[in-house]
Amino acid sequence: MFAPQGPTFRELAVQALSSVERGYDLLAPKFDHTPFRTPDAILAPVSRALQRLGPFGSGLDLCCGTGAGMDVLRQVCRERVIGVDVSAGMLAEGRARARATAGATPAGWVRADARALPFGPVFDLAVSFGAFGHFLPRERPGLFAQVHSVLRPGGRFVFPIGAPARPGSPGYWALLAFDAAMRVRNALWRPSFVMYYRTFRLTDVCAELTRTGFDVRLHALPELGRRTDGSPRCRLVVATRPA
């Protein structure tokens, strides 16, 4: 699962017994050498889809980590892009790896909780990759309301969401076991580390986005293939704040 430069088992164990913020601070220097970083195979199709929807002015990467999504934003936003994350360590790595290229869209990095964003309605596009498992279902309405509040009228909140693993498949049992282990860990150990893979369901998410005031559309990402029933393996959720 991990490159030779990635974390050791002991390091992962220490991180797993920390808070979310502290855990990612510890993991940050080796994060890009783990499977937790959103792979280019997902980032590239999303980037192409956004290019068809854009161009955009300013962009926000919610829970940006070391900046994989920031690279996508800089391809489709003309004015500026901002990455927000609760982990100072992840932000430091993102700043260090960001290249200051002549003519590139300016990038900024802000330490903040996604549930309390320190911005007004100044963004045309917000994205997020692989971070929603860190929010409990009861927190999602507040999270979506925060994103809605920082988008300009007509602004879009865009993120990929994969189809659930087929019941009985190896992926299904792996995710079920991971979530069960996290629930046991959080019942027995403090501080909690919220990370669940099976709580972010497309139907629920679309309903909550609609209740928040977004106009929600789904776009297939055909580059990522289809399931045996013909449905997409991954969809792009495009939630627009009405003008």
Side-chain angles (χ1 to χ4, degrees), residues 38 42-64 68-84 105 110 112-164 198-224 226-227 229-243:
T38 304
I42 292 177
L43 295 171
V46 172
S47 177
R48 287 190 286 270
L50 288 174
Q51 289 170 21
R52 293 190 292 270
L53 292 171
F56 302 92
S58 58
L60 174 70
D61 186 2
L62 197 70
C63 307
C64 64
M70 293 283 280
D71 294 339
V72 171
L73 285 179
R74 294 181 82 178
Q75 296 175 43
V76 300
C77 295
R78 294 173 171 176
E79 297 173 6
R80 62 166 183 164
V81 298
I82 300 292
V84 167
T105 305
V110 176
D113 190 323
R115 295 164 295 191
L117 294 172
F119 310 108
V122 296
F123 296 102
D124 303 293
L125 173 65
V127 299
S128 193
F129 295 91
F132 294 116
H134 292 303
F135 301 95
L136 296 171
R138 66 174 181 270
E139 297 177 305
R140 284 202 301 260
L143 174 68
F144 293 161
Q146 283 291 299
V147 178
H148 189 277
S149 73
V150 302
L151 288 173
R152 294 178 175 131
R156 287 168 167 162
F157 181 27
V158 180
F159 52 88
I161 183 168
R198 302 175 66 251
T199 59
F200 199 72
R201 299 181 178 90
L202 179 61
T203 302
D204 297 337
V205 167
C206 289
E208 289 164 355
L209 287 167
T210 300
R211 284 194 292 269
T212 302
F214 285 105
D215 176 31
V216 182
R217 297 289 184 270
L218 301 177
H219 299 255
L221 293 174
E223 300 98 321
L224 297 176
R226 292 187 176 274
R227 306 208 298 175
D229 63 1
S231 62
R233 291 190 180 277
C234 189
R235 290 180 171 92
L236 195 67
V237 177
V238 180
T240 303
R241 176 174 178 174

## Note on the structure
Taking every heavy atom of Ala126 against every heavy atom of Val147, the minimum-distance pair comes out as CB-CG1, 4.0 Å
### Task
Check whether any side-chain N or O of Asp61 sits under 3.5 Å from a backbone N or O of Met70 as a donor-acceptor pair, and report yes or no.
yes
### Message
For a side-chain contact (heavy atoms from CB on, under 4.5 Å) check, start with the C-alpha distance between Leu53 and Val76, then their side-chain angles and the critical distance, and finish with the verdict.
### Response
CA-CA 9 Å; Leu53 292 171; Val76 300; over 6 Å; no
### Query
From Gln146 CD over to Leu62 CG, what is the distance, rounded to the nearest 0.5 angstrom?
9.5 Å
#### Entry: Side-chain touch Cys206/Leu218, heavy atoms, less than 4.5 angstrom
yes
### Query
Is the Phe159 ring parallel, tilted or perpendicular to the Phe144 ring (thresholds 30°, 60°)?
parallel
### Task
Without swapping roles, check the side chain of Arg241 against the backbone of Gly155 for a donor-acceptor pair under 3.5 Å.
no
### Task
Please round to the nearest 0.5 Å and tell me the distance separating atom CZ of Arg140 and atom CZ of Arg211.
9.5 Å
### Summary
dist Thr105:OG1 -> Arg80:CZ (nearest 0.5 Å) comes out at 12.0 Å
### Query
Do Val72 and Val127 have side chains that get closer than 4.5 Å, going by heavy atoms?
no
#### Entry: Closest non-hydrogen atom pair, Arg152 against Pro121
CG-O, 3.3 Å
### Query
Which atoms form the tightest heavy-atom contact between Leu236 and Pro160, and what is the distance?
CD1-N, 3.8 Å
### Task
Hey, could you give me the CG/CG distance between Leu151 and Leu125, rounded to the nearest 0.5 Å?
8.0 Å
### Query
Where do Glu208 and Thr212 land on the side-chain hydrogen bond (donor to acceptor under 3.5 Å, both in side chains) test, with the steps shown first?
CA-CA 6 Å; Glu208 289 164 355; Thr212 302; over 6 Å; no
### Message
Would you compute the distance between atom CZ of Arg201 and atom CD1 of Ile161 and round it to the nearest 0.5 angstrom?
### Response
10.5 Å
### Message
Contact between Arg217 and Thr240 at the side-chain level, heavy atoms closer than 4.5 Å - yes or no?
### Response
no
#### Entry: Residue pair Pro153 / Ala243: nearest heavy atoms and the distance that separates them
CB-CA, 3.7 Å
### Query
Rounded to the nearest 0.5 Å, how far apart are CD of Glu139 and OG1 of Thr199?
10.0 Å
### Query
What are the two closest heavy atoms between Cys77 and Gly57, and how far apart are they?
CB-O, 3.4 Å
### Residue Arg78 excluded, over 12 heavy atoms near CZ under 6.0 Å
no
### Query
Can you name the nearest heavy-atom pair linking Arg226 to Arg233, along with the distance?
O-NE, 3.3 Å
### Message
Any non-hydrogen side-chain atom of Val46 less than 4.5 Å from a side-chain atom of Thr38?
### Response
no
### Message
Parallel, tilted or perpendicular, judged at 30° and 60°: which one describes the rings of Phe135 and Phe132?
### Response
tilted
